[in-house]
Every structure is written in C-alpha cells, then in structure tokens.
Amino acid sequence: MVAKRSSRSAALTAVSATLTKEAKTANLARKRTRRETVPKLLSTTDSQQHEQEPTNEGSENSYWLFKAEPESRIVDGVDVRFSFDDLSREGQASWDGVRNYEARNCMKRMKVGDFGFFYHSNCKTPGIVGILKVCKEAYIDHTAFDPKHPYYDPKSDKEKPKWFMVDVEYVRPLKRLIGLHELKAHLAKYSSKSPLSDMALMRKSRLSVSPVKESEWSFILELADKEVEGDASLESK
DNA sequence: GCCAACGTTGGC
DNA sequence: GCCAACGTTGGC
C-alpha cells in the first residue's frame with residue numbers, strides 16, 4: 001500500500017507544454033502531485049456501479065472545482081504541494097493522482113474548454129483562488145501503475161485502467177479569494193435561498209474534483225468582483 | 001493535532 | 001448485499 005494519507009486536493013503534475021506525453025510521465029515523480037485515496041480494491045460490482053454513476057444532471061456541465069494543497073506535505077517522499085501560483089508559473093498541469101471514483105468520473109465528463117475553479121485546501125485560508133481551463137480530456141493516469149509513485153494503486157490493471165486525469169491550464173486569479181468561510185457564511189445566512197445551497201463543495205466536502213453549476217459559477221464570480229465593503233464577507237460570522 | 005463526516009473494506 | 005470497523009479528508 002502506498003499512499004499514507006491520501007489525498008486532499010488533487011494531484012497535479014505540472015508539465016510544460018512542449019513535453020511529450022512520455023516525458024510528462026517521467027516528470028511526475030519530481031513534481032508534486034496529490035491525490036486521493038488509493039482504494040485497496042474494488043469488487044467488480046462496485047466498479048460497475050461507479051462507472052454508471054449518473055453524470056451530474058444529465059446535461060453537459062461546463063464548470064468544475066479542483067482542489068489542490070498549496071502547502072507542502074510529503075507523501076512517500078514526494079511533496080504533494082500544488083498551488084495556483086505553481087499553475088500560473090508552469091502554465092499547465094496534469095491533474096493526476098485522483099483515486100476516488102466520483103472525482104474521476106467528473107474528470108471523464110470534462111471537455112476541452114470547460115472552466116474550473118482552483119481551490120486551495122488543507123491550508124490556512126481554504127477557498128477559491130483562481131480559474132483554470134481544461135485543455136486535454138481524460139486519459140490514463142499512469143501514475144497508478146508506478147510502484148514508486150506515492151499514488152500507486154496495486155489493484156489497477158493496465159489492461160483495464162481505472163484512473164484517469166485531465167490537463168488543465170492557467171486562466172486567471174479571482175479578484176479576491178473567496179474563502180470557504182465566506183461561502184459557508186452565505187449559505188448560513190440564506191440557507192435554501194442561497195445559490196450555493198446545493199453546491200457539491202458544500203454537500204460533499206471531501207470530493208477533490210466536483211461539478212459546479214452555471215448558477216454557482218456566476219454567483220461566485222460576482223462575489224469575487226464585489227468589493228468587500230466593511231468586510232461584508234464576514235458579516236455572518 | 002483533533003476529530004466529524006464520509007468512503008471503503010470485508011465478514012457474515 | 002448489509003453493515004460494523006476502519007481509513008481518509010480536510011476544516012478548525
């Protein structure tokens with residue numbers, strides 16, 4: 001077994017646009033990644049159930065949320081840190097290391113051009129910091145086959161790959177960080193009337209990759225554009 | 001570092 | 001195929 005603690009945000013391997021796929025792979029271990037839990041194994045039925053998980057609301061979903069850990073944390077000798085600044089510096093990253101079916105299924109549904117929020121987790125101020133864009137659709141996450149990789153999954157079979165990743169590229173930061181705290185405060189204040197009342201981030205807080213509805217997306221962007229008058233963002237708590 | 005929430009495992 | 005035990009996530 002491999003991963004000690006598994007994941008928190010997502011793992012990412014930053015890659016430069018000029019690298020070949022293979023070179024990117026080789027690069028993995030050196031860059032940070034992160035991931036989700038490495039499941040020990042699944043029965044066939046379980047995997048089938050996961051395969052059949054309904055896609056969000058049926059229709060296409062063009063917005064997502066990706067969690068990553070901006071602070072260093074060593075997993076099996078590899079620093080899994082990956083911040084929005086890192087993405088900004090490197091331009092692109094492979095979102096590898098996700099070892100949770102629901103999160104993986106989200107990645108499988110992504111299309112080139114879909115946008116995502118970049119969320120910082122397991123850190124001092126958790127929250128949404130920026131925007132990224134999907135630039136390559138789901139493909140096999142070979143880190144699952146590498147025994148030396150912290151996110152190695154001994155149960156995954158090359159003939160029947162279980163784990164996938166997408167590539168993402170930097171778009172821009174939000175005008176200000178939208179903290180989890182602020183999102184929760186909004187929810188507490190408006191409860192079911194809040195545009196966030198059904199947001200996956202709130203309801204399934206442990207998912208490292210989750211869908212974002214268009215209404216949630218635009219609401220959060222507006223929040224970010226709003227000046228924080230008198231710390232209004234903190235008013236309900 | 002604690003621990004609540006929740007996903008996974010495996011015995012039955 | 002249920003469900004108790006166990007493991008992980010991630011906010012605090």
Side-chain angles (χ1 to χ4, degrees), chain A residues 1-12 32-54 56 64-84 86 95-108 116-130 141 143-144 149-157 160 162-165 177-189 194 196-212 220 233-234 236-237:
Chain A
M1 153 109 250
V2 188
K4 322 183 147 188
R5 199 191 183 187
S6 95
S7 72
R8 284 163 189 292
S9 324
L12 309 173
R32 42 263 154 181
T33 36
R34 173 230 132 261
R35 109 256 276 21
E36 255 145 60
T37 291
V38 177
K40 297 200 164 116
L41 62 86
L42 273 271
S43 71
T44 311
T45 356
D46 284 343
S47 341
Q48 283 167 352
Q49 283 169 351
H50 287 297
E51 299 295 347
Q52 289 162 3
E53 231 164 72
N56 260 357
W64 309 93
L65 181 139
F66 294 75
K67 295 184 185 176
E69 297 179 59
E71 293 172 7
S72 285
R73 188 168 65 83
I74 307 300
V75 176
D76 286 354
V78 177
D79 190 350
V80 298
R81 174 183 71 92
F82 192 78
S83 67
F84 191 61
D86 292 326
W95 210 269
D96 62 11
V98 171
R99 301 290 183 268
N100 168 281
Y101 287 103
E102 197 171 347
R104 176 206 66 181
N105 291 346
C106 285
M107 292 198 295
K108 284 183 154 184
F117 284 133
F118 195 114
Y119 179 94
H120 279 169
S121 69
N122 202 23
C123 59
K124 190 118 181 251
T125 314
I128 298 168
V129 294
D141 179 354
T143 64
H149 192 99
Y151 304 140
Y152 173 55
D153 174 10
K155 300 299 179 189
S156 106
D157 176 359
K160 278 183 82 174
K162 287 201 299 207
W163 304 119
F164 292 80
M165 59 187 175
L177 176 141
I178 301 297
L180 178 61
H181 176 80
E182 179 172 354
L183 297 173
K184 282 186 167 169
H186 192 275
L187 197 48
K189 192 168 173 186
S194 168
L196 306 174
S197 64
D198 199 35
M199 191 174 182
L201 176 66
M202 302 294 149
R203 297 186 309 117
K204 313 194 105 188
S205 61
R206 300 177 49 187
L207 255 196
S208 68
V209 179
S210 62
V212 174
I220 289 168
S233 67
L234 301 181
S236 58
K237 153 119 210 234

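Convention: sequence-line order gives letters A, B, ...; per-chain numbering from 1. In this text, all values refer to a predicted model and were calculated from it rather than measured experimentally.
The CZ-P distance, from A/R73 to C/dT8, rounds to 11 Å in whole Å. Atom CG of A/N122 is separated from atom P of C/dT8 by 14 Å (rounded to the nearest Å). In this structure, A/I128 atom CD1 and C/dG10 atom C1' are separated by 16 Å, rounded to whole Å. If you measure from atom CG of A/D153 to atom C1' of C/dT8, you get 15 Å, rounded to the nearest angstrom. Per the geometry, CD belonging to A/E69 stands 8 Å off P belonging to C/dG10, to the nearest Å. Residue A/L180 contributes atom CG, which lies 10 Å from atom C1' of C/dC12 at whole-angstrom precision. Whole-Å rounding puts the A/R104 CZ to B/dG7 P distance at 16 Å.
Contact check on A/D153 versus A/R99 returns no salt bridge, with no Lys/Arg side-chain nitrogen under 4.0 Å from an Asp/Glu carboxylate oxygen.
In this structure, the side chain of A/D79 does not engage the main chain of A/I74 through any donor-acceptor pair within 3.5 Å.
Under the rule for a side-chain contact (heavy atoms from CB on, under 4.5 Å), the partners of A/L65 that lie at least two apart in sequence or sit in another chain are A/K67, A/F117, A/Y119, A/I128, A/M199, A/L201, A/S210, A/V212. A/S194 meets the side-chain hydrogen bond (donor to acceptor under 3.5 Å, both in side chains) test with A/H186; sequence neighbours excluded.
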Mind listing the N/O atom pairs, protein and nucleotides 4-6 of chain B, below 3.5 Å?
from: B/dC6; atom 1: O4'; to: A/R206; atom 2: NH1; distance (Å): 3.4
from: B/dC6; atom 1: O2; to: A/R206; atom 2: NH1; distance (Å): 2.2

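Note that the NE2 atom of A/H120 and the CG atom of A/L180 stand 14.0 Å from one another [nearest 0.5 Å].
Ring-plane geometry between A/Y101 and A/W163 is classed as tilted, the angle between the planes lying from 30 to 60 degrees on a 0 to 90 degree scale.
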